[in-house]
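Please read the structure below before turning to the comments.
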Amino acid sequence: MESQVVWGPGAGRFLREAVTLAEAGDRVVLYLVEDGIFAAVSDAVPELARLVELGSEVWADDRSLTHRALAATRLSPYVTVKDVEDLDLLLRSTESRVAWH
């Protein structure tokens with residue numbers, strides 16, 4: 001879960017770690033929430049494309065998009081809008097570990 005602006009301190013490292021996990025064969029779902037959803041409206045975040053290439057998913061929180069007036073904005077083609085209930089279902093239906101940045 002990425003809650004910080006991806007251009008802020010540490011966020012780039014967090015995204016690279018997600019890519020490293022996916023390259024190692026782990027299933028990764030990157031959930032962009034709070035200010036992290038700004039990555040969903042940018043084409044300048046290559047880690048999103050790489051994650052999808054590796055079979056991972058990138059989700060953007062619908063409420064975070066709405067609260068930041070980004071709901072009607074064109075999103076990156078690598079991002080799917082999901083709500084927190086989708087995240088809850090994912091976490092309950094699989095053996096998952098959550099890393100929140």
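Counting from 1, the numbers follow the sequence of the chain as shown.
Of the possible polar contacts, one joining the Asp83 side chain to the Glu85 backbone as a donor-acceptor pair under 3.5 Å is found. Thr66 places a side-chain N or O within 3.5 Å of a backbone atom of Asp62 that can act as its donor or acceptor partner.
Contact annotation: the side chain of Arg63 never approaches that of Leu65 to less than 4.5 Å [non-hydrogen atoms, C-beta and beyond]. Taking the side chain as every heavy atom from C-beta outward, Val58 and Glu47 never approach each other to under 4.5 Å. Between Val33 and Trp59 there is no side-chain heavy-atom pair separated by less than 4.5 Å. The shortest distance between side-chain heavy atoms of Leu15 and Leu30 falls below 4.5 Å. Residues Val28 and Leu54 are not in side-chain contact: their nearest non-hydrogen atoms beyond the backbone lie 4.5 Å or more apart. Side-chain atoms of Arg68 and Asp35, non-hydrogen and from C-beta on, do get closer than 4.5 Å to each other. Glu2 places a side-chain heavy atom less than 4.5 Å from the side chain of Phe14.
Note: Ile37 CD1 to Leu32 CG = 8.0 Å, rounded to the nearest 0.5 Å. Distance check: Asp86 CG to Leu90 CG gives 9.0 Å after rounding to the nearest 0.5 Å. To the nearest 0.5 angstrom, Ser64 atom OG is 9.5 Å from Phe38 atom CZ.
A salt bridge links Glu53 and Arg50; the closest N-O separation between the charged side-chain nitrogens and carboxylate oxygens is under 4.0 Å.
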Before giving the answer on side chain to side chain contact (heavy atoms under 4.5 Å, CB included), spell out for Tyr31 and Asp61 the whole-Å C-alpha distance, their side-chain angles and the decisive distance to 0.1 Å. CA-CA 7 Å; Tyr31 192 73; Asp61 178 62; 2.6 Å; yes
For side chain to side chain contact (heavy atoms under 4.5 Å, CB included), just list the numbers for Arg27 and Glu57, CA-CA rounded to whole Å, side-chain angles, deciding distance to a tenth of an Å, and then say yes or no. CA-CA 8 Å; Arg27 179 175 183 229; Glu57 297 178 63; 3.0 Å; yes
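Linking ILVMFWY side-chain heavy atoms closer than 4.5 Å, directly or via other members, places Val29 and Leu89 in two distinct hydrophobic clusters.
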